[in-house]
Student: 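Can you keep this structure in mind? I'll have questions shortly.
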Number of protein chains: 2
Amino acid sequence: MNIAAENQSPMVTSGTFPASRKIHVEGQQYSHIRVPMREIALHPTAGEPPVIVYDSSGPYTDPDHTVAINGGLSRLRESWVVSRGDVERYEGRHVLPEDNSFATGERLTPEFPVRHAPLKAVAGRAITQLAYARAGVSTPEMEFIAIRENLGRQAGRETSVRDGESFGAQIPDFVTPEFVRREVAEGRAVIPANINHPESEPMIIGRNFLVKINANIGNSAVTSSMEAEVEKMVWAIRWGADTVMDLSTGRNIHNIRDWIIRNSPAPIGTVPLYQALEKVGGIAENLSWEVYRDTLIEQAEQGVDYFTIHAGVRLAYIHLTVNRVTGIVSRGGSIMAKWCLHHHRESFLYEHFDEICDIARAYDVTFSLGDGLRPGSIADANDAAQFAELETLGELTKIAWAKDCQVMIEGPGHVPMHKIKENMDKQLQTCGEAPFYTLGPLTTDVAPGYDHITSAIGAAMIGWFGTAMLCYVTPKEHLGLPDRDDVKTGVITYKIAAHAADLAKGHPGARLRDDALSRARFEFRWEDQFNLSLDPDTARSFHDQTLPKEAHKVAHFCSMCGPKFCSMKISHEIRAEAQKEGLEAMAARYRDGGDLYMPVENPAKTIAGEA
Amino acid sequence: MNIAAENQSPMVTSGTFPASRKIHVEGQQYSHIRVPMREIALHPTAGEPPVIVYDSSGPYTDPDHTVAINGGLSRLRESWVVSRGDVERYEGRHVLPEDNSFATGERLTPEFPVRHAPLKAVAGRAITQLAYARAGVSTPEMEFIAIRENLGRQAGRETSVRDGESFGAQIPDFVTPEFVRREVAEGRAVIPANINHPESEPMIIGRNFLVKINANIGNSAVTSSMEAEVEKMVWAIRWGADTVMDLSTGRNIHNIRDWIIRNSPAPIGTVPLYQALEKVGGIAENLSWEVYRDTLIEQAEQGVDYFTIHAGVRLAYIHLTVNRVTGIVSRGGSIMAKWCLHHHRESFLYEHFDEICDIARAYDVTFSLGDGLRPGSIADANDAAQFAELETLGELTKIAWAKDCQVMIEGPGHVPMHKIKENMDKQLQTCGEAPFYTLGPLTTDVAPGYDHITSAIGAAMIGWFGTAMLCYVTPKEHLGLPDRDDVKTGVITYKIAAHAADLAKGHPGARLRDDALSRARFEFRWEDQFNLSLDPDTARSFHDQTLPKEAHKVAHFCSMCGPKFCSMKISHEIRAEAQKEGLEAMAARYRDGGDLYMPVENPAKTIAGEA
C-alpha cells in the first residue's frame with residue numbers, strides 16, 4: 001500500500017490491491033463514460049479468466065491517478081449535468097460563521113482551496129434522475145450504473161438457472177440502462193447524485209440491484225480533525241463502502257464536509273438537522289424552519305447527495321415512546337421530539353415537507369426519510385411508535401414522489417431475528433417499494449463491543465428479504481467513536497452481510513467470486529485465495545502467522561492438518577481416479593462394491609450380516 | 001483477572017468476572033448437587049435484582065477454588081455414578097507408545113500425575129442417560145441440568161406471553177427434571193457425560209433447551225503444547241463454550257487429552273479417527289477396525305464425553321463428490337473416503353457401527369455422527385453427497401438408539417442463507433429429531449479472515465430454526481491455527497449467535513439479560529452495561545479509548561454525541577413529563593395538538609394547509 005502525498009495536501013491511503021488492476025468499461029449510448037471495476041488476476045495454473053469485482057474505491061486505487069486532496073477529484077459529471085441544459089450556475093450562499101459553529105483562528109478548519117459556484121435547476125425544470133426516468137430519458141448516470149452492476153457480465157451470455165429465493169425482488173440476468181431507468185421511474189431505486197457533486201461515480205440503491213452498504217464518518221464535539229475524516233472516507237470506500245454519511249457534530253462542520261465531498265467518488269449523505277442544531281448552540285427548542293431551510297440550501301449547494309430527514313417524528317407519536325425500555329435513541333428523532341415537546345407543536349419538518357421537497361428537487365438531493373422512532377433495544381422492536389412513524393414515512397414518500405424527488409426509507413435498529421421480516425414486508429407495503437436502508441438490525445443487546453456482529457446477522461437477513469442498503473455498525477457502537485481499524489472492520493463485516501444477501505437472493509453475478517475463491521482453496525492456490533478475499537491483507541497475515549515461509553504459499557497443505565494428511569489432497573486423488581476410469585464406471589463400481597449399498601429396512605441386521 | 005498457580009502446575013486463567021459472584025443452587029430431589037451460576041450485581045440506583053447468567057466456566061471463576069492443574073478438578077459425579085450400582089472399576093488399558101505417536105524423552109508430554117482406574121458398565125446393564133431416561137429414572141445429572149437451564153427462574157412465577165417463533169420447538173416456561181428426562185428418553189436431547197469424566201458439570205444439548213456452543217482446541221503436527229491446550233480449554237469455557245472438542249493431531253495426543261479432561265468441567269468431544277490415523281503413521285489405508293476399536297476404548301476409559309464418528313461416509317457415496325467444487329473437506333470424511341477407495345470396501349465404521357455402539361454404551365459416550373461429506377463451499381451446499389450421507393446418519397441414529405446410545409448429528413459447513421432451513425428440516429425429519437450440531441454454516445466463501453462472521457450469520461439462523469449446538473468458527477478458519485485471541489473471538493461470536501437464536505425462538509429466560517443491559521444503557525449506568533455484556537473487558541476498554549476518565553462512567557452522555565446533546569437524555573425528559581401529568585393526559589394533549597393528527601388521504605394538501 002502506497003501513501004501518496006502532494007505538497008501541502010493531507011495524505012490519504014492510496015494504491016492498488018494485490019494482483020488487481022483498475023479497468024474501465026466504456027459506455028455505448030454515452031461513449032464518454034468510463035465505468036471503473038477491479039480485475040483480480042489469478043495464477044496461470046488456474047486456467048481461469050480474471051475475476052471482476054465491484055469497485056467503490058474511486059481513483060485512489062488507480063495508479064494513473066495522482067492524489068491531491070487539496071485539488072479535489074476531477075468533476076466528471078459536470079459536463080453531463082450542464083449539457084442537459086436545464087441547470088444554471090449562480091453565486092450561491094457564502095460561508096457564514098455559524099456554518100462552522102463560529103470557530104475562528106487556529107480552531108477553524110481551513111476552507112477547501114477551490115470554490116465552485118453552485119448549480120441549480122432552471123425555474124420550472126425537473127432535473128432529478130427520477131424526473132428524467134419518468135420522462136423516458138436514459139441518462140449517462142443510468143448507463144454508468146447498468147455497466148457497473150453487470151460486473152463484466154455480457155448480455156445473453158449467462159442463462160444460468162437462478163439459485164436463490166428473492167422474496168419478490170426481480171433481479172435481471174443482465175442490467176440495461178432501460179432497466180435502471182424503469183426502476184428509478186417506479187421509485188424502486190434511487191441514484192443519489194446531487195448536481196453539485198460532479199466528482200461522484202454514479203451508483204444505485206434498489207432491491208433489484210446489488211445490495212449496497214453505507215459507512216458513517218464524522219467528527220464530534222469530543223474529537224475532531226479534517227484530515228482524519230477525509231482519510232476515513234477514502235479508507236471506507238477502499239474496503240467497499242458504497243456511500244458515506246458525514247455525521248459530524250461540533251465545530252467546522254461546513255469546512256470539513258467540503259473537503260470530504262470534493263474528494264469523494266461516493267455519494268455523501270448527511271443529517272442536516274445536526275448542523276442546524278449546532279447553528280443554534282445545541283439548543284433543540286431554538287431550532288426553526290428558517291435555520292433548517294438555510295442549512296438544506298447550504299448543504300445542497302455543497303453537493304450533499306442525500307439528506308436524512310426525520311419528518312416522521314410527529315407530535316402525536318411521542319407519547320408512544322414513554323413506556324419504551326430505551327425511549328428514543330435516534331439523535332435526529334430525539335431533537336425533533338424535544339422541539340415538538342417544548343413548543344407543543346407539530347414538527348416543522350413535517351409541516352414544511354413540501355418546501356423541503358422543492359429544495360431537494362432543485363439539486364437532485366435524494367431523501368433518506370429517517371426513522372427517528374426506531375427501536376433502540378430488543379424490547380422495543382416493532383412497537384407502535386416505530387410503525388406509526390413508518391406510516392408517516394409512507395405518506396411523505398408520496399409527497400416527495402409527486403415532486404419528482406427520489407426517496408429511500410431508513411429502518412431499524414435493534415430487532416430480534418423473528419421480527420425482521422415483518423419490518424421488510426411492512427416497509428415495502430407502506431412505502432410503495434421505495435428502497436429500504438437499515439441500520440443493522442442488531443439481533444441482541446448483550447454484546448457491546450461486538451455489535452458489528454450482532455448487527456451483521458440482522459443485516460444479512462434483512463438484505464436477503466429486500467433491504468437495498470445496509471448502514472454499517474462498527475465494534476465501537478454504543479461505546480465510542482470508531483477509529484480507522486473499526487471503520488475497516490465495520491465495512492468488511494457489512495460487505496459480508498451484503499454479499500451473503502446477494503447470494504441468497506440469487507443475484508446472477510454474486511457467486512462468481514465465491515466459486516473462484518473456493519476453486520483456489522481446493523487447488524491450494526493460496527495467493528489467489530488471499531487476492532480474491534474481501535481483505536487480502538488480513539487473510540495473508542493470518543496464514544503467515546502459522547506458516548510464514550514463501551514456500552508454504554504453494555504448499556499442498558495448511559497448518560490445520562499439517563503436511564502428512566490433507567482432505568483436499570484426498571479429494572484430488574478421488575477426482576483423478578474418476579477422470580481415469582470415467583465417472584459412470586466409477587459410480588457403478590462403487591454401487592456394486594460388495595453388495596453394500598442395500599436397503600436399510602432393518603439396518604442393524606444388515607450391518608451384523610456384513611460384519 | 002488473577003492468574004493463579006500452584007507449585008509446578010501450569011498456569012491457567014482464573015478469577016471472577018467484574019461485579020459477578022459464583023452462586024450455587026442446591027438440588028431438591030438430590031440435595032447434594034450444587035448447580036453453579038453467575039450472578040451479576042447491578043448498581044444500587046438500578047433498583048433491580050442481580051442478573052443470573054449461565055455459567056460454563058467451572059471452578060476457575062470461583063474464588064473459593066484453588067487452581068491446581070496437576071491435581072485435576074474434584075470428581076463430583078463419581079459418587080453419583082458409583083452409587084447407581086451398575087458400573088465396575090477395572091484395571092483398564094495402560095498407555096502404549098503409539099497412543100502418543102511414539103514420542104519419547106523431551107518430546108513426550110508427561111503423563112497426567114494421577115491415574116484413575118476406569119469404570120465401565122457391569123455386563124448386561126445399560127448405564128447411559130438415555131437408558132435411565134427410558135426406564136423412568138430421573139438422574140442427578142437431569143436435576144442438575146433442569147436447575148441450570150432455569151437460570152434462577154421459579155416455577156409458576158413467569159407466565160410471560162411468548163414472543164418468538166420456535167419452528168416447532170417446545171421450550172417450557174420452567175424446566176423440570178422430568179422434562180429433561182422425557183426429552184432425553186425421546187432422543188431429542190443428549191447429556192454428554194462419560195462415567196469416566198466425573199469432573200464434568202452436567203449440561204444438555206437439545207432443541208428445547210438453551211442453544212449451546214462448542215469450541216475446538218487441539219495441537220497439530222505444526223504446533224503443540226500441553227499447557228497451551230489446557231489453557232485454551234479453560235479460556236474457551238471462561239467466555240462461554242459449553243463443550244470443547246480436542247481435535248489434536250500429531251504427537252502426544254493421549255497425554256495432552258488426559259490433562260484436558262482431568263481439568264475440564266465441560267464435556268470433551270473428540271474425533272477418534274484422528275488418533276487412530278496417527279497410530280498408523282498417518283497412512284489412511286493402513287487403518288483397521290482393530291486400531292480404531294482400541295482407540296475408542298482408550299478414549300472412553302479416559303473420559304471422552306462424545307465421539308465424532310464419520311460412519312455415514314459410505315463407499316457408494318464417494319463418486320457423488322467428484323464434481324464438487326471443493327470435494328470432501330471434512331478431515332474424517334476424507335480419511336474414510338481414502339480408506340474405502342484404496343480397499344474398494346465399505347467403510348469399517350459403517351460395518352462395525354453395532355460394535356461401536358457396544359463400546360459407547362458401556363461408558364455412556366454420546367455419538368456425534370459426523371458429516372464427512374458436508375459442503376466446503378457455497379457451490380456444494382445441499383447437494384446429493386451431503387443429503388445421501390444424512391440419510392445414512394438417520395439410519396445409524398436408529399441403530400444407536402436401539403442400543404441405548406445417545407446421538408446427535410453433525411451438520412454443515414458452507415450454506416447460503418436460502419438453503420439453511422432445508423438443512424434443519426431435513427435433519428429433523430431424517431434423524432428423528434436427534435439434536436443437530438452444526439459448524440456455522442458459513443454463508444459466503446469470500447471472506448477468509450472473517451469466517452467467524454460469515455458463519456455467525458448462518459449459525460444464528462440455523463440455531464433459530466432448531467440446531468441445538470453450534471460449533472464455533474474462529475477468524476483463522478481456512479488460514480491457520482487459532483491463538484488465544486482467536487478462541488475468545490470465536491466463542492463470543494458464537495455466544496451471540498446462540499443467544500440471538502434463543503431470543504428468536506422465544507426462550508422464556510433469554511431476554512432478561514438484553515432488557516437489563518438496555519435499561520442500564522438508557523439510564524447511563526455504564527458500569528452495568530459493561531458488566532452485563534458478554535465481554536466486559538472489551539466493552540470497557542472500547543469506552544475508555546474515547547472517554548478514559550472515571551467520571552465519564554457516570555456521565556449522562558457518551559462520546560457519540562458529546563455532552564451538549566443526548567437522545568437518551570431527551571427521552572428521560574419526555575418520560576418525566578409523562579409521569580408528571582399522566583400518560584393518558586399527555587397522549588390526549590398530543591393528539592389534540594393543533595389538529596395535526598389527521599387522515600392522510602391527501603397528504604400533500606394536508607401539509608400545505610398546515611404550513
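For the numbers below, each heavy atom of this structure counts, side chains included, while hydrogens, waters and symmetry mates do not. A note on names: the letters A, B, ... follow the listed sequences, proteins ahead of strands, and every chain is numbered from 1.
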Student: Can you tell me which portion of A:Arg513 sits under 4.5 Å from chain B's heavy atoms? Options are side chain, backbone, both or neither.
Tutor: both

Student: Is A:His572 close to chain B through its backbone or its side chain, or both, or neither, when contacts mean heavy atoms under 4.5 Å?
Tutor: neither

Student: Among A:Pro416, A:Gly394, A:Ala460, which has the most heavy-atom pairs under 4.5 Å with chain B?
Tutor: A:Ala460

Student: Quick check: do B:Asp483 and A:Gln545 have side-chain heavy atoms less than 4.5 Å from each other?
Tutor: yes

Student: I'd like to verify something: which residue of A:Gly449, A:Ala504, A:Gly327 has the highest number of heavy-atom pairs under 4.5 Å with chain B?
Tutor: A:Ala504

Student: Which one, B:Ala402, B:Gly333, B:Ala379, leads in non-hydrogen pairs under 4.5 Å with chain A?
Tutor: B:Ala379

Student: Just wondering, do A:His418 and B:Leu503 contact through their side chains at under 4.5 Å, heavy atoms?
Tutor: no

Student: What's the separation between atom CG in B:Leu517 and atom CG in A:Asp445, rounded to the nearest 0.5 Å?
Tutor: 6.5 Å

Student: Treating B:Ser571 as the side-chain partner and A:Ile328 as the backbone partner, does any N or O pair qualify as donor plus acceptor under 3.5 Å?
Tutor: yes

Student: Any idea which heavy atoms bring A:Trp526 and B:His478 closest together, and the distance?
Tutor: CZ3-O, 3.5 Å

Student: Using ring pair (Phe, Tyr, Trp, His ring centres under 6.0 Å) as the criterion, list what pairs up with B:Tyr274, not counting sequence neighbours.
Tutor: none

Student: If we ignore hydrogens and angles and just use 3.5 Å, is the side chain of B:Asp514 paired with the main-chain N or O of A:Thr444 as donor and acceptor?
Tutor: no

Student: Heavy-atom cut-off 4.5 Å, strictly under: side chain, backbone, both or neither for B:Lys419 against chain A?
Tutor: side chain

Student: With chain A, which of B:Thr326, B:Thr538, B:Val446, B:Leu534 has the greatest number of heavy-atom pairs at distances under 4.5 Å?
Tutor: B:Val446

Student: Measure B:Pro536 against the heavy atoms of chain A and call it side chain, backbone, both or neither at under 4.5 Å.
Tutor: neither

Student: For residues A:Tyr450 and B:Asp535, report the shortest heavy-atom separation together with the two atoms involved.
Tutor: OH-OD2, 2.5 Å

Student: Of the listed residues (A:Glu165, A:Arg511, A:Arg519, A:Gln529), which shares the most heavy-atom pairs with chain B below a 4.5 Å separation?
Tutor: A:Arg511

Student: For A:Ser533, give me all partners under side-chain hydrogen bond (donor to acceptor under 3.5 Å, both in side chains), at least two apart in sequence or on another chain.
Tutor: none

Student: Drop me the distance from B:Met417's CE to A:Met461's CE, to the nearest 0.5 angstrom.
Tutor: 8.0 Å

Student: Pick one of side chain, backbone, both or neither for B:Ala456, based on which atoms fall under 4.5 Å of a heavy atom in chain A.
Tutor: both

Student: What's the spacing between A:Ile457 CD1 and B:Trp464 CH2 if we round to 0.5 Å?
Tutor: 12.0 Å

Student: Heavy atoms only, distances under 4.5 angstrom: which of A:Ile283, A:Thr454, A:Ile492, A:Thr489 has the most pairs with chain B? Name it, please.
Tutor: A:Ile492

Student: Between A:Asp515, A:Thr443, A:Ile453, which has the largest tally of heavy atom pairs under 4.5 Å with chain B?
Tutor: A:Ile453

Student: List the atom of A:Leu479, the atom of B:Phe542, and the distance in Å for their closest heavy-atom pair.
Tutor: CD1-CB, 3.7 Å

